[in-house]
2 protein chains.
Amino acid sequence: MKIVIIGSGNVATHLSIALQNAGMQLLQVFSRSKASASALALQLNIPFTTEWNDIRQDAELYFYAVSDDALNDLIMRPLAPEALHVHTAGSININIFEPHKKRFGVLYPLQTLSKSKTVDFRKVPLFTEGSDDETRMIIQSLAFKLSDCCYELNSSQRMQMHMAAVFCCNFVNHLYAIAGDIVKDAGIPFDILKPLIAETADKVQTLTPKASQTGPAVRNDLITMEKHLLSLQSHPDYAALYRLISEMIKSKAENH
Amino acid sequence: MKIVIIGSGNVATHLSIALQNAGMQLLQVFSRSKASASALALQLNIPFTTEWNDIRQDAELYFYAVSDDALNDLIMRPLAPEALHVHTAGSININIFEPHKKRFGVLYPLQTLSKSKTVDFRKVPLFTEGSDDETRMIIQSLAFKLSDCCYELNSSQRMQMHMAAVFCCNFVNHLYAIAGDIVKDAGIPFDILKPLIAETADKVQTLTPKASQTGPAVRNDLITMEKHLLSLQSHPDYAALYRLISEMIKSKAENH
């Protein structure tokens with residue numbers, strides 16, 4: 001299958017490498033950023049363009065792995081009307097394509113992808129959707145070539161999925177950053193937290209989050225929580241977050 | 001070294017197993033809960049008691065792995081005045097022992113410990129403190145028998161450490177629980193989030209949290225964030241948390 005990649009960010013990079021590894025023929029990378037487009041094209045050993053009108057028209061599939069704003073703009077532009085057009089966004093409805101394309105779909109990878117970190121794409125869950133039965137099956141069969149964990153999900157479920165990912169990945173990572181700030185204030189390197197971070201994630205691979213919960217809030221240890229809040233006085237935003245999550249943990253423990 | 005374990009919870013369990021594996025002689029378990037004391041004693045194949053007055057007086061070291069409230073109460077009670085008394089709490093100052101004991105210290109394991117999940121104790125960071133030079137060295141040398149990552153830390157640094165652990169472990173685990181609730185609402189099992197949770201923790205083993213951050217907030221993708229907040233209307237507490245953390249991620253990205 002001949003494919004053009006539109007975008008050159010984190011998702012575009014990991015997806016196109018996975019496609020190439022699966023034997024797909026990537027024709028070209030398009031991106032508005034020359035630096036980023038050329039870097040990805042070099043990595044894939046294929047041409048790139050930064051001009052919409054220079055995008056090759058003879059691909060069977062166009063993948064849009066771009067920001068949500070850019071997606072809105074780009075799918076309105078004329079491009080290969082008979083081809084299949086697929087976006088990779090968690091929270092964008094498949095019907096965004098409807099006024100503009102004939103055959104379209106979604107392939108959403110549920111993973112935190114950064115260019116500087118390799119991942120085993122076969123373990124990345126992929127969620128697919130298609131404009132009609134034939135398209136659905138083409139996208140599904142492509143997904144199975146890339147990953148061992150492929151599921152069909154409608155746009156509303158996919159958005160819930162993405163939102164859950166924001167909590168258990170993006171927000172979690174921010175808590176890592178806060179913890180790093182706190183130990184830094186005490187002259188301790190972030191490294192010391194790594195075994196705890198790893199074990200916290202490892203625990204819920206086999207136990208439920210409820211069974212894994214430890215710490216002052218779930219024990220309702222008011223004295224420790226007061227000490228922590230006192231010590232967070234110079235970080236009012238951290239203190240607000242500490243109060244909010246501790247209350248949520250306490251009330252979850254009481255209601256179950 | 002002859003040791004008595006006071007407590008039979010998560011920390012007491014993992015610590016006493018590690019002590020026994022390191023060749024220490026555990027004499028007895030004390031706990032106010034008979035069920036819990038007897039279970040741990042059985043696991044260690046040593047006697048237990050639920051009566052303070054029946055605690056053996058001939059140990060060289062008494063470990064207090066109990067709740068902070070219980071610790072306050074128990075250290076006031078007379079027990080083996082010549083022995084070493086050590087607590088395991090993250091946020092309790094070493095000086096809590098001062099009015100009551102002659103030789104005392106702290107050994108705080110920085111890990112999320114649940115009875116139902118084994119951990120490699122040699123990889124658990126241990127933070128020690130002692131009432132005098134000799135005590136410090138005894139506790140340090142004991143720590144090195146249990147773990148490859150031992151550090152001396154004063155009580156104020158240890159409290160910061162513990163607070164950081166609350167953010168990157170206890171609060172993180174609660175975010176896993178929220179994400180699980182969200183996917184459940186969409187009819188999707190928690191299992192689907194496990195690769196993402198694992199990779200999020202794995203990323204910061206090599207990248208900084210700042211370099212690892214992905215998602216709508218760091219991209220300032222207002223449209224996606226609005227969609228998520230709309231969809232969280234039936235969970236006002238999740239929405240409040242979503243707003244707070246997203247704002248923090250955005251302002252951290254802008255200020256750096």
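Note: hydrogens, waters and symmetry copies are ignored here, and every other heavy atom, side chains too, is used. Small disclaimer: the values here were computed from a predicted structure and weren't measured. Order of the sequence lines sets the chain letters (A, B, ...), proteins ahead of strands, with each chain counted from 1.
- Heavy-atom distances place both the backbone and the side chain of B:Val204 under 4.5 Å from chain A.
- Contacts between B:Lys123 and chain A at a heavy-atom distance below 4.5 Å involve the backbone alone (N, CA, C, O).
- Heavy-atom distances place the side chain of B:Ile188, and not its backbone, under 4.5 Å from chain A.
- Contact annotation for A:Ala217: neither backbone nor side-chain heavy atoms come within less than 4.5 Å of a heavy atom of chain B.
- Taking the six-membered ring where tryptophan is involved, the planes of A:Tyr108 and A:His162 are perpendicular, since the angle between them exceeds 60° and thus also 30°.
- Here the NE2 atom belonging to B:His14 is positioned 10.5 Å from the CG atom belonging to B:Leu40, to the nearest 0.5 angstrom.
- Proximity to chain A (any heavy atom under 4.5 Å) is shown, for B:Ser156, by neither the backbone nor the side chain.
- If you measure heavy-atom distances from A:Thr208 to chain B, you find no contacts under 4.5 Å at all.
- Only the side chain of A:Leu244 has a heavy atom closer than 4.5 Å to any heavy atom of chain B.
- Only the side chain of B:Phe190 comes within less than 4.5 Å of a heavy atom of chain A; its backbone N, CA, C and O stay farther away.
- For chain A, the nearby parts of B:Tyr242 are the backbone and the side chain; heavy atoms of each come within less than 4.5 Å.
- With a 4.5 angstrom heavy-atom cutoff, B:Ile223 touches chain A only via side-chain atoms.
- Using a 4.5 Å cut-off between heavy atoms, A:Asp181 contacts chain B through its side chain alone, with no backbone atom that close.
- Here the CZ-NE2 distance, from A:Phe167 to B:His228, works out to 9.5 Å after rounding to the nearest 0.5 Å.
- The aromatic rings of A:His235 and A:Tyr238 sit parallel, their planes meeting at an angle under 30°, below the 60° perpendicular limit.
- For chain A, the nearby part of B:Asp221 is the side chain; its heavy atoms alone come within less than 4.5 Å.
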